[in-house]
Protein chains: 4
Amino acid sequence: MTDGNMISRPRSGAAIEPDVPARRPPAGPRRRTEEVLAAAASVFAELGFHGATTQDIADRVGMRQASLYYYFVSKEAALEQVCQRGIEHIIGDTEAIAAGTGGATDKLAAIMRRHIEPLSENSASLRAFLHERRFLPKDARRRIARLARRYERIVENVVAAGMEAGELRPDLNPTLTMDAVLGICNAAAYWPGKERVGSMREIADGLVRLVLDGIAAPKAH
Amino acid sequence: MTDGNMISRPRSGAAIEPDVPARRPPAGPRRRTEEVLAAAASVFAELGFHGATTQDIADRVGMRQASLYYYFVSKEAALEQVCQRGIEHIIGDTEAIAAGTGGATDKLAAIMRRHIEPLSENSASLRAFLHERRFLPKDARRRIARLARRYERIVENVVAAGMEAGELRPDLNPTLTMDAVLGICNAAAYWPGKERVGSMREIADGLVRLVLDGIAAPKAH
Amino acid sequence: MTDGNMISRPRSGAAIEPDVPARRPPAGPRRRTEEVLAAAASVFAELGFHGATTQDIADRVGMRQASLYYYFVSKEAALEQVCQRGIEHIIGDTEAIAAGTGGATDKLAAIMRRHIEPLSENSASLRAFLHERRFLPKDARRRIARLARRYERIVENVVAAGMEAGELRPDLNPTLTMDAVLGICNAAAYWPGKERVGSMREIADGLVRLVLDGIAAPKAH
Amino acid sequence: MTDGNMISRPRSGAAIEPDVPARRPPAGPRRRTEEVLAAAASVFAELGFHGATTQDIADRVGMRQASLYYYFVSKEAALEQVCQRGIEHIIGDTEAIAAGTGGATDKLAAIMRRHIEPLSENSASLRAFLHERRFLPKDARRRIARLARRYERIVENVVAAGMEAGELRPDLNPTLTMDAVLGICNAAAYWPGKERVGSMREIADGLVRLVLDGIAAPKAH
DNA sequence: TATGAATGAGATTTCATTCAT
DNA sequence: TATGAATGAAATCTCATTCAT
């Protein structure tokens, strides 16, 4: 299994979403919006939406609490923006991977890595998306759910394509497989706190192999 | 792969922990403790620890909010008790399964079902354990973490035993495999909200097969 | 100045109100009333009326909180009874002293000692009377105030008698003098917490002398 | 005994600490901190720390209860600030008096007046300091106790100096004398509620004379 | 763009009290 | 005589939000 190099440069230049931009872009209006949302993301991921206070966010950007309201209209709105960023980021990259030229196993490997890495490295907005989106008000929740489904469908399609190409076992249920694949990936969100053997990357590789071996079509011989 | 019938009835008679007892036990002191904790569990699971109010709990037991404090000392203490129950319940059953006489695949299948079913059927305390235990104060968190590790180790040991018996692939990493297995199971916690095809049971079965095929030792022929 | 021995045995046998009876009287109804009120007194003195909870009282008698209401009708009623005991105790003794046969200086010395000693030894009900009676409801406060005035008048009369007898300076204002005398005594309530030189008794003696020298009639020569 | 005029104007211009400023100072940040603490002082003095509610304080400043927390961090913190102000105020003035040029009797007279007047005129923070400081949490209590000791030592030193100068009786115990002097002064805190004969000022003068006569060195003749 | 001040609405927790047993 | 269970009323404190500047 190759590394799937053609997608090793995910489209979103920001390289796996650092959440706290290294250096401020030269200028431009609403410059600090990014900072604020990154702070919100990390606070929501760490403390949970309801466990986080706007003061926590303000502390992290070095701003007064009241000033935040220049950047968002309400705490809930901030959560929506954070979730949206989390999922859109990954959607963009995943679409690029899916549109690539490799085989299904390579693609799935790349997708899993793209999903696991930011999680295990504590990327805030994806974690916030995963765990906190359920606290969004109805409408926002629906909007974010649509994005989530879009993401899932990409993965599902990759699986389906792999089955048709004879690369994956023909008896898979693509939806279920997608759920299993992403389920395993999401589990990785909880690992950094554990004393695991091996680096995160080794673990991710192990996981990828484990899953792919499970769904690969039996080798003819 | 057989169904592993000998363990399909988990030891704890209460069968998948109904969380809200159908009828009150005859009498005895502190009778309503169970009721109260079950209500707390379901509210925490549904709304998140910080999103839930003690009033929510009181409403669900039909008690005044202040009266709850007769049964627990603080909201956090209630969360700890809920988490403890969630994990201890499953530990008991899983130990029984692991101590059974079947093969590793059968055991893992039973374990997965035991883990998935209450989750997908909305069992409160296990969900609360999974998602809310991180909001416990340090000490309580450590106590609960010890229980969690105990559970994981049971599963891990089943995997290792299966490998030794030649029933599972010899190149597995038992810890990693356990993580993957439980990761998939936990993912099921999010499914009830989705429009899935097929009954929960079919889905669970599909998942179980998927995973076990992935880790089963290649059939000699 | 002699010790005023004729009054060294105050009338109330209980010897300066131990607040916690050494051994329970053989039997009789409402036996534990004493215990309960003593506990209330010490808790009120220590924590202040509003700072003390009925639970604190219950803890000190080894009783459940609800059981206290068998002994008093409300927390405020308990305070009134405590205050009443505190002041009546001292009134009884002080009247005995005042009715004695010695001179005014001897009597005042005895009165001061009787007032200072229980305070400095942490007697609860007198302290409660001094500091907490202001939290009584209007009517109860008036009743207790009447007792307080009675006490003050005794002391005042001793002063006046001493002036008439030529034993005290003729230019004293009896009321003011009484206030000063009791003011000094009450100050002693705060001393046990301080690192003072000398035993409490030495201090009390010093105080007594100080005051009496101040108000004694100049020795003719 | 002269009036000790040179010190009759205590240094702190605010003249006996009015506690509720007549008119708001022109502007500046945190303008209302003073108002809030003055209100807290008067409420604590009147109702006792535990008997007072933050709502009482808010009512007195004309602010909503929640807004108070903009000015202090907790009710206990408010009490500490109040106590600190109460004692620091008096320390400043008393140091000025003690450093003056008159004799010990003049100085003690001035000190006593400075102590008695605000008490009898209901100055809140000094009363709060006297009666409520015992409800402070340990650390704060220690800090305030240090200030209290500083005050006492000033008075003690004045007494000692007067003894050395032959102005006060040579057989006094300076500590004890200081306790007696302040004890009498503190008693005045309870007088406004009483129907006393004469104006407060006459009473204070009477007290001062009484005490000073008691400790003055016998006039040689 | 940012902030100080304030507030309304609640959250958790405490506590005196009641009452059936 | 005593208690377990429950409750109403409040108390302290938190927090998202507003608004004038």
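Predicted model only: the values in this text are computed from it and were never measured. Order of the sequence lines sets the chain letters (A, B, ...), proteins ahead of strands, with each chain counted from 1.
- For A:Arg64 and E:dG4, the CZ to P distance is 5 Å, given to the nearest whole Å.
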Please, what dot-bracket string fits DNA chain F when only Watson-Crick and G-U pairs with both distances under 3.5 Å count, crossing ones use [ ] and pairs to another strand use |? .||||||||||||||||||||
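- Residues satisfying the side chain to side chain contact (heavy atoms under 4.5 Å, CB included) test with B:Ala58, not counting sequence neighbours, are B:Gln55, B:Gln65, B:Leu68.
- Between the CZ atom of D:Phe135 and the C1' atom of F:dA11 there is a distance of 17 Å, given to the nearest Å.
- Residues satisfying the side chain to side chain donor-acceptor pair (under 3.5 Å) criterion with B:Ser67, sequence neighbours excluded, are absent altogether.
- Atom-to-atom, CE of C:Met63 to C1' of F:dT1 comes out at 8 Å; the value is rounded to the nearest Å.
- If you measure from atom CG of D:Asp59 to atom P of F:dA10, you get 14 Å, rounded to the nearest angstrom.
- A search for side chain to side chain contact (heavy atoms under 4.5 Å, CB included) contacts involving D:Gln84 returns D:Glu88, D:Ile144, D:Leu147, not counting sequence neighbours.
- Counting heavy atoms from C-beta on, the side chains of B:Glu76 and B:Glu80 never come closer than 4.5 Å.
- Rounded to whole Å, atom P of F:dC15 lies 8 Å from atom CG of A:Asp56.
- Contact check, A:Ser67 against E:dT1: no side-chain N or O comes under 4.0 Å of OP1 or OP2.
- Side-chain contact check for B:Tyr69 versus B:Thr54: some heavy-atom pair is nearer than 4.5 Å.
- Under the side chain to side chain donor-acceptor pair (under 3.5 Å) criterion, D:Arg141 pairs with no residue at all, not counting sequence neighbours.
- Counting to the nearest Å, the C1' atom of F:dC13 and the OH atom of D:Tyr70 are 17 Å from each other.
- Atom CG in B:Leu68 sits roughly 16 Å away from atom C1' in F:dG4 (whole-Å rounding).
- Relative orientation of the A:Phe49 and A:Phe135 rings is parallel, given thresholds of 30° and 60° on the angle between their planes.
- With B:Arg32 contributing its side chain and B:Val61 its backbone, the two residues share a donor-acceptor pair below 3.5 Å.
- With a 4.5 Å cut-off on side-chain heavy atoms, D:Tyr70 and D:Met63 do not count as touching.
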Output one letter per nucleotide in nucleotides 13-21 of chain E: B when a protein non-hydrogen atom lies under 4.0 Å from the base, S when only the sugar-phosphate is that close, - when neither is. BBSBBB---
